[in-house]
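Remember, predicted model here, so these are calculated numbers, not experimental data.
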Amino acid sequence: MPGRYTLFHTLEEIAEKFNVKLPDFDFQPRYNATPSQLLPVIIIERGERVMKMMRWGLIPPWAESVAIGNKMINARSETLAEKPSFRNALKSRRCLIPVDGYYEWLVTEKGKQPLLISLKSKETFAFAGLWEIWKSPVGDVIYSFTAITTEPNEFIARIHHRMGAILTANQDDWLSDKLILKQHLDILKPYPSEEMTARPVSKMLKDVRLDVPELLDEKFMGRTDAQPKEMGTLF
DNA sequence: CCAGACGTTGTT
DNA sequence: GTCTGG
DNA sequence: CCAGACGTTGTT
DNA sequence: GTCTGG
């Protein structure tokens with residue numbers, strides 16, 4: 001399931017891929033995007049696709065603090081329509097979460113080995129997501145999102161018992177208000193195994209402060225001794 | 001009526 | 001906010 | 001997802 | 001064990 005991911009294209013490339021205007025905010029390519037961070041999502045606003053930065057971890061409108069969002073980084077597709085935290089967002093606040101790949105931790109005898117899961121085509125894809133707007137007691141407004149999970153395909157099942165709901169050709173359908181509830185839910189199915197791939201990455205990934213391309217570098221595969229400080233100057 | 005939950009994953 | 005449980 | 005905290009009082 | 005923060 002999506003708990004960390006990559007989005008290592010430029011804002012220009014992402015905007016073009018998802019058919020939105022180039023936003024006026026800045027974005028640095030990401031190799032270790034983690035929950036609670038501001039990350040780009042695509043929504044429909046006044047009938048047009050736009051890119052917004054939102055906090056990963058959906059905060060329901062009734063929440064008393066942002067902390068709730070830390071528990072809402074994923075939403076099960078099977079129960080979305082009933083859950084008080086998600087059902088309203090499902091009706092009117094669906095989003096695309098641009099992703100180049102996401103990480104799973106494969107549990108082995110030698111410990112946890114992080115894997116980067118991506119498409120064989122190397123194309124940027126999207127997780128189906130939901131977003132919310134939350135007002136803090138002091139009036140701050142926070143936009144947040146969650147990534148939807150589904151059962152795994154045969155390929156992912158060897159690694160984990162859930163997977164993110166991946167969208168490629170059906171991204172317009174997910175955002176469209178012309179579909180009915182069942183049609184939206186039908187989109188949230190396992191992505192075809194034959195189009196997916198996985199490869200091991202550096203165990204240093206576990207440090208949420210590290211967000212550098214070298215996490216994907218062969219030289220650092222499995223290394224746990226290097227320190228974050230070292231990584232910053234090593235290349 | 002009021003109070004309390006509202007979520008997922010993984011592990012036991 | 002809205003539903004469930006007591 | 002993983003890592004790290006998990007607490008209060010009083011003093012600076 | 002469970003929650004928070006990143």
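Taking atom CH2 on W105(A) and atom P on dT11(B), their separation rounds to 13 Å, with Å as the unit. Atom C1' of nucleotide dA3(D) and atom CG of L205(A) are separated by 13 Å, given to the nearest angstrom. dA3(D) atom C1' lies 11 Å from atom NZ of K112(A), rounded to whole Å. Atom CE of M163(A) is separated from atom C1' of dT8(B) by 17 Å (rounded to the nearest Å). One interatomic measurement links the two molecules: CE of M204(A) to C1' of dA3(D), which rounds to 17 Å at whole-angstrom precision. Distance D211(A) CG to dC2(D) P: 17 Å, rounded to the nearest Å. Distance, K203(A) NZ to dC1(D) P: 18 Å, rounded to whole Å. Residue E151(A) contributes atom CD, which lies 12 Å from atom P of dT9(B) at whole-angstrom precision.
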- Task: Kindly indicate, with the supporting measurements, whether the criterion salt bridge (charged side-chain N to carboxylate O under 4.0 Å, His left out) is fulfilled by E104(A) and R4(A).
- Result: CA-CA 8 Å; E104(A) 287 288 3; R4(A) 303 273 189 100; over 6 Å; no
- Please lay out, stage by stage, how D100(A) and T6(A) fare under the test side chain to side chain donor-acceptor pair (under 3.5 Å). CA-CA 5 Å; D100(A) 286 307; T6(A) 64; 4.9 Å; no
- Item | Trace of the ring pair (Phe, Tyr, Trp, His ring centres under 6.0 Å) decision for Y102(A) with F127(A) | CA-CA 10 Å; Y102(A) 72 101; F127(A) 284 129; 5.3 Å; yes
- Message: Please evaluate residues R55(A) and F145(A) with respect to the criterion side-chain contact (heavy atoms from CB on, under 4.5 Å), reporting the C-alpha separation (whole Å), side-chain torsions for both, the decisive distance (0.1 Å), and the verdict.
- Response: CA-CA 6 Å; R55(A) 181 187 170 105; F145(A) 72 95; 5.9 Å; no
- Message: With salt bridge (charged side-chain N to carboxylate O under 4.0 Å, His left out) as the criterion, how do R76(A) and E151(A) come out once you've worked through the C-alpha distance, each side chain's angles and the decisive distance to 0.1 Å?
- Response: CA-CA 9 Å; R76(A) 291 175 62 88; E151(A) 58 187 321; over 6 Å; no
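Spacing of C1' atoms, dA5(B) relative to dG6(E), comes out at 27 Å, to the nearest Å. Nucleotides dC3(C) and dG7(B) place their P atoms 13 Å apart, quoted to the nearest Å. dG10(D) and dG4(B) have their P atoms separated by 31 Å, with the value rounded to a whole Å. Rounded to the nearest Å, the gap between the P atom of dT11(B) and that of dC1(D) is 8 Å. Nucleotides dT8(D) and dG5(E), compared at atom P, are 15 Å apart to the nearest Å.
Not a single donor-acceptor pair under 3.5 Å links the side chain of T150(A) to the backbone N or O of K189(A).
dG5(C): Watson-Crick or G-U partner is dC2(B), with both key distances under 3.5 Å. Under the Watson-Crick or G-U wobble criterion, with both distances below 3.5 Å, dG7(B) is left unpaired in every strand shown.
At the phosphate of dT9(B), OP1 or OP2 sits under 4.0 Å from a side-chain N or O atom of T149(A).
For the segment residues 61-93 of chain A, the set of residues with a heavy atom within less than 4.0 Å of an atom of DNA chain C comprises W62(A), R87(A), in numerical order.
The two atoms that bring N32(A) and D211(A) nearest to each other are N-OD1, 3.1 Å, heavy atoms only.
Among the heavy atoms of the strands lying under 4.0 Å from P35(A) is at least one base atom, whether or not backbone atoms are also near.
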